[in-house]
Structures are given as C-alpha cells and as structure tokens.
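Numbers here are sequence positions counted from 1. First listed ligand is number 1; within each ligand, the first listed atom is number 1. The structure displayed is predicted, hence computed values, not measured ones.
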Amino acid sequence: MKVIFHERFYEVYTADPAAAAGRMEAIVAALGDDFEFVAPAPASENDLALVHPPSHIERIKRSRHIYEVGVLSAGGALMAAEIAWGGEPAFGLIRPPGHHASPESCWGFCYFNNIAIAVKKLMQKGQVQKALILDFDLHFGDGTDNSFRGNPQVGYFHPEGSNGQDFIRKIQKHLEQTEGFGILAVSAGFDRHVVDWGGLLTTEDYRTIGTLVKTCAYKICEGRRFAVLEGGYNHDVLGQNVRAFIEGMKD
Ligand SMILES: [Zn+2]
C-alpha cells in the first residue's frame, strides 16, 4: 500500500476549508511511519487536457499558486492509478480535491478533476477499458459525473443513506452487482463523519468501506484499486478516518 504525498500539499493556497492549515498535517500524523510515502510529479498539460479544454486550464493558470499545487494534486492521482495498475493499492493524499471540477468549470474547492484525469489516462494508455468510480464523499461529484456523462466505459456511483448501516449496505449492494470493470477508483471524502459536516459515519464505517473496496476489486479486476482524497474538514478526526479506510483497503 503506497501513500502518494507531496510536501507542497501542506501549503495554504486559498482560504477554503480544503486548503486549511493543519489538514494535511493531521492525516500525515495519523498515518505515522506505517505506510510508504512516495512523491508525485506534476501532471502535464496533456494529462489535464484529457478532461479539461485549454480555456479552463488557462483560467486556473492565472492563479499561479493554485495551478502549481493543482497539477501536483492531479499528478498524485495519476501516480496512484499507475501504482494500482501495477498491482499495489494506493491512496492519493492530495489537495486540492477534484470531484467538483467539470471539464469547463469548477467550484467547491476543486480546480482539476484528479480522479477523472487518472481514469482517462489509464484508458488512453489502453490499460483499462472500463472503470468504476465510487465516490463516498458527502457531496455529489458533479464534476466527475459531467466528465463521463454518456460514456458507457465509466460507472460513477455516489451512495446516499439514512444512517451509517444503510449507507454501507448501499455500497455493498452496488459493489456486489458490479462486474466487467478493469479498475476500481475511489473518491474518498471524509466529510460524512459523525463530527464532520455530514454527521453520518463512524471511523469504523470507513474501515468497512475500505474492506468492501478491496473485496470488490479482487472480485472484478484482480485487486486493482486506488483512492484519492476529496473532502473531510474536522482535523480532530480526519487523520483517524483516513487511516481506518486505508487499513481496510490494503492487503
Ligand atoms: Zn464533500
């Protein structure tokens, strides 16, 4: 299990909660020395262009700081996908997040759609014909949905649930019915935790979701799976939640 991380993800590049000081520090501290960290290279403009037209890329470029960490974040997702393709699970501990970035617009603390870029790259290289994206963030990943609308090669699933058990049951049911995909990609947002914005899931629920992801990946695609960080804003619990999910997801 590899964790993809870059020192520049510590930087406060805007005033939004995803970029808040202490957020990455909390996760890195909770993971401790128990996981191997690797640093990504920035995504190239050709990689960004797999999802975004030049007009969007140029718009983000006007904010130099956001662009620099944005391409590193997308590069982290690309690296996670590549490692997963090679047979080892990977977690992209990256920011800015990406699932609210549509091809031509973005909001919700997102700039480039990290997971969409990573999935499209695997397809461009012919490594994967079909991909399933599970997004368990509190918020619907409209950017990811827009990136693959009408594309039968990519399934996007964003579960909802009336309580923790119901939420997990929905994921389980969906993953059990899943077949024919070459990789399982996860938009891992932790803002549904009981003391985060969504108020629904416990830390152990994240471990269970990680285990469901692993089980499904072994069933459908020889274990190939990766996840990238999306939301999660309560620094007191974010680290333990990420850790529990990764522990559930790893071999
Ligand atoms: Zn969210």
With a 4.0 Å cut-off on N to O distance, would you call Asp166 and Lys170 a salt bridge?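 Yes, charged N to carboxylate O under 4.0 Å.
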
Which N, O or S atom of Asp137 lies nearest to the Zn ion (ligand 1), by name: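 In Asp137, the N, O or S atom with the shortest distance to the Zn ion (ligand 1) is OD1.
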
Could you tell me whether Arg207 and Glu204 have a side-chain N and a carboxylate O separated by less than 4.0 Å?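 Result for this pair is yes, salt bridge flagged.
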
Tell me, which N, O or S atom in His139 is closest to the Zn ion (ligand 1)?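 This turns out to be ND1.
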
Are Asp34 and Arg243 within salt-bridge range, i.e. N to O under 4.0 Å?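 Salt bridge flag = yes for Arg243 with Asp34.
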
In Asp191, the N, O or S atom nearest to the Zn ion (ligand 1) is which?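 Atom name returned: OD2.
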
Less than 4.0 Å between a side-chain N and a carboxylate O, is that true for Arg192 and Glu160?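 A salt bridge is present here (some side-chain N lies under 4.0 Å from a carboxylate O).
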
